[in-house]
Amino acid sequence: MRFIGNVYREGRFWLAEVPLFAAMSQGRTRKEALAMIRDWFVSMANQPGFDLSVIETSRDRFEISSPDTRTLIRLLLQRRRESSGLSLAEVARRMGARSRNAYARYEQGRAVPSLEKLDELLRAVGPESEFVIQETSARYPAPHPERAKD
């Protein structure tokens with residue numbers, strides 16, 4: 001699973017953002033901004049061993065991806081809920097559940113939702129938003145030898 005990001009220059013700095021996650025970083029160079037957005041995800045995931053790839057698709061766009069989709073989905077749900085200003089209990093209520101655990105188990109990464117369930121969870125935290133699934137032709141980069149040794 002990949003998520004789309006934008007990279008652009010604003011004044012003296014380059015900005016890299018992944019809007020769906022409300023994630024943004026900056027750098028003095030384009031390369032530095034992309035490295036910083038990767039670091040942002042690794043830090044926010046707060047999961048030992050979590051790694052993320054930044055795949056450049058054009059001069060102004062990139063995609064992020066990780067083999068650990070559980071952690072990416074957990075982070076996505078947490079960020080979307082927090083940006084909506086909702087508690088776990090409020091999201092569970094929106095889903096028609098009696099317990100906040102109905103939602104929390106996905107946000108905590110104890111369960112991985114199906115595509116239908118992910119749609120339901122995202123609608124509960126952002127009913128005014130629509131999410132689009134898009135095919136990509138970007139190829140995964142070759143693994144970095146220094147990362148493979150870790």
Side-chain angles (χ1 to χ4, degrees), residues 1-8 13-92 95 97 99-126 129-150:
M1 181 177 295
R2 295 186 193 180
F3 298 95
I4 295 173
N6 305 304
V7 60
Y8 52 94
F13 293 97
W14 282 87
L15 302 176
E17 67 173 339
V18 182
L20 192 57
F21 287 82
M24 182 172 276
S25 70
Q26 71 178 22
R28 293 191 185 276
T29 65
R30 184 177 180 283
K31 183 177 179 177
E32 187 178 275
L34 293 172
M36 295 300 289
I37 198 72
R38 182 191 168 280
D39 290 348
W40 183 96
F41 275 91
V42 171
S43 295
M44 293 300 290
N46 194 24
Q47 181 75 28
F50 178 76
D51 195 21
L52 184 98
S53 295
V54 175
I55 301 115
E56 296 182 50
T57 57
S58 71
R59 185 75 182 140
D60 60 347
R61 295 189 76 144
F62 63 93
E63 297 173 359
I64 57 140
S65 178
S66 174
D68 186 352
T69 56
R70 177 184 301 257
T71 299
L72 265 182
I73 290 172
R74 175 183 62 79
L75 182 58
L76 172 62
L77 293 172
Q78 177 186 17
R79 297 289 295 173
R80 297 302 298 190
R81 180 183 59 79
E82 289 172 350
S83 70
S84 296
L86 299 170
S87 68
L88 290 170
E90 290 168 321
V91 175
M95 291 173 52
S99 167
R100 71 185 189 133
N101 288 333
Y103 175 82
R105 65 193 185 111
Y106 295 106
E107 188 176 304
Q108 294 166 354
R110 290 183 285 144
V112 178
S114 65
L115 188 56
E116 292 81 12
K117 188 58 147 181
L118 180 58
D119 183 57
E120 179 186 347
L121 296 168
L122 288 171
R123 286 179 189 275
V125 296
S129 299
E130 285 289 328
F131 301 94
V132 177
I133 295 176
Q134 176 179 320
E135 184 177 14
T136 183
S137 60
R139 301 280 181 232
Y140 280 93
H144 295 287
E146 65 274 9
R147 285 192 193 159
K149 293 177 189 174
D150 293 339

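Treat the numbers as computed from the prediction; the structure is a model and nothing was measured.
- Note: F3 CZ to L75 CG = 9.0 Å, rounded to the nearest 0.5 Å.
- Two residues are said to be in side-chain contact when any heavy atoms from C-beta on lie closer than 4.5 Å; R28 and F13 meet this criterion.
- R74 is listed as a side-chain neighbour of Q47, based on a closest heavy-atom distance under 4.5 Å.
- At distances below 3.5 Å, at least one donor-acceptor pair connects side-chain atoms of R81 with backbone N or O atoms of L86.
- Scanning all heavy atoms of the two residues, the minimum distance from A92 to R100 falls at CB-CA, 3.5 Å.
- Listed for the S53 side chain is no donor-acceptor partner under 3.5 Å among the backbone atoms of I55.
- M44 is listed as a side-chain neighbour of R79, based on a closest heavy-atom distance under 4.5 Å.
- L72 places a side-chain heavy atom less than 4.5 Å from the side chain of F41.
- For the atom pair Q78 CD and S83 OG, the distance stands at 11.0 Å (nearest 0.5 Å).
- A 4.5 Å side-chain heavy-atom check between L122 and L76 finds at least one atom pair inside the cut-off.
- Annotation for R38 and L52: closest pair NE-O, 3.1 Å, computed over non-hydrogen atoms.
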After noting the C-alpha distance and the side-chain angles of L77 and L118, does the key distance pass the side chain to side chain contact (heavy atoms under 4.5 Å, CB included) rule? CA-CA 9 Å; L77 293 172; L118 180 58; 4.1 Å; yes

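- Between R61 and N6, some side-chain heavy-atom pair lies under the 4.5 Å cut-off.
- When all heavy atoms are compared, the tightest approach of A33 to S25 is O-OG, 3.0 Å.
- Between I37 atom CD1 and L15 atom CG the span is 9.5 Å, to the nearest 0.5 Å.
- The structure places OH of Y103 at 11.5 Å from NZ of K117, a figure rounded to the nearest 0.5 Å.
- Contact between M24 and Y8 at its shortest, heavy atoms only, is CE-OH, 3.4 Å.
- When all heavy atoms are compared, the tightest approach of M1 to S65 is O-OG, 3.6 Å.
- Considering every non-hydrogen atom in both E17 and F62, the closest pair reads O-CZ, 3.6 Å.
- In this structure, R80 contributes its side chain and L20 its backbone to a donor-acceptor pair below 3.5 Å.
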